Structures are given as structure tokens and as C-alpha cells.
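So the structure is just underneath, and the comments pick up after that.
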Amino acid sequence: MPGGQARAFRLKELDAGVLRHASAVGAAMMEAMAAVLASAGFSVEDARDEYRPQQLRVIAGPPSGHEPVWQLRDDELPLPGWPDGAVGGAE
């Protein structure tokens with residue numbers, strides 16, 4: 001825990017700006033991660049765990065047979081300077 005947060009906890013300053021900021025950043029990151037995972041086909045929800053706030057639970061992965069959006073097409077694999085037909089280090 002960064003120094004400012006530790007100091008605020010130690011002094012019981014639970015309304016300190018550094019703690020509000022850290023909480024806002026954590027909430028924004030959780031929302032962003034949920035959006036990224038949902039876009040990739042995952043189902044997520046708030047973990048609803050008081051001991052681990054701002055955590056996500058992944059309920060399900062993309063449907064079976066769902067081609068990942070990040071999967072490369074065959075025409076994207078060859079790179080300039082690589083031997084033709086070499087994929088994944090195989091020659």
C-alpha cells in the first residue's frame with residue numbers, strides 16, 4: 001500500500017482524499033476490465049465479497065465454437081523477413 005494510503009489508515013482518516021482517489025481508481029479499473037472481458041465474450045459479475053472489494057468473478061467464457069476476436073488470420077501471420085510458411089517458430 002502506498003505511503004499516503006497507509007498513513008491515512010494509520011491515523012484513521014478514512015475520509016482522506018488519497019483514499020477516495022484510490023477507491024475511485026479501483027472502481028474505474030473494475031468497470032473497464034468488465035467491459036473488456038464482456039467484449040471478448042466472457043460473462044462477469046461483481047464478486048460481492050466484503051474481504052475483496054472491487055473484484056470481478058468470471059462466470060463463463062466465450063461460447064463454444066466462438067472464434068476469439070484476438071485470433072490472427074492466416075494472412076496476418078507472415079512477417080517481413082520471416083521465411084515463407086514459418087508459423088510459431090516452425091520451419
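In this text, all values refer to a predicted model and were calculated from it rather than measured experimentally.
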Decide, yes or no, whether a salt bridge links Arg10 with Glu13 under the criterion of side-chain N to carboxylate O below 4.0 Å. no
So, for [X] and [Y], which heavy atoms are closest and what is the spacing to 0.1 Å?
| X | Y | value |
| --- | --- | --- |
| Leu56 | Ala34 | CD1-N, 3.7 Å |
| Pro62 | Ala40 | CG-O, 3.5 Å |
| Val18 | Gly4 | CG1-O, 3.6 Å |
| Phe42 | Gly61 | CD2-CA, 3.6 Å |

After noting the C-alpha distance and the side-chain angles of Gln5 and Leu19, does the key distance pass the side-chain contact (heavy atoms from CB on, under 4.5 Å) rule? CA-CA 6 Å; Gln5 292 176 18; Leu19 295 180; 4.0 Å; yes
Drop me the distance from Glu31's CD to Asp46's CG, to the nearest 0.5 angstrom. 11.5 Å
From CE (Met29) to CD (Gln54), nearest 0.5 Å: 11.0 Å
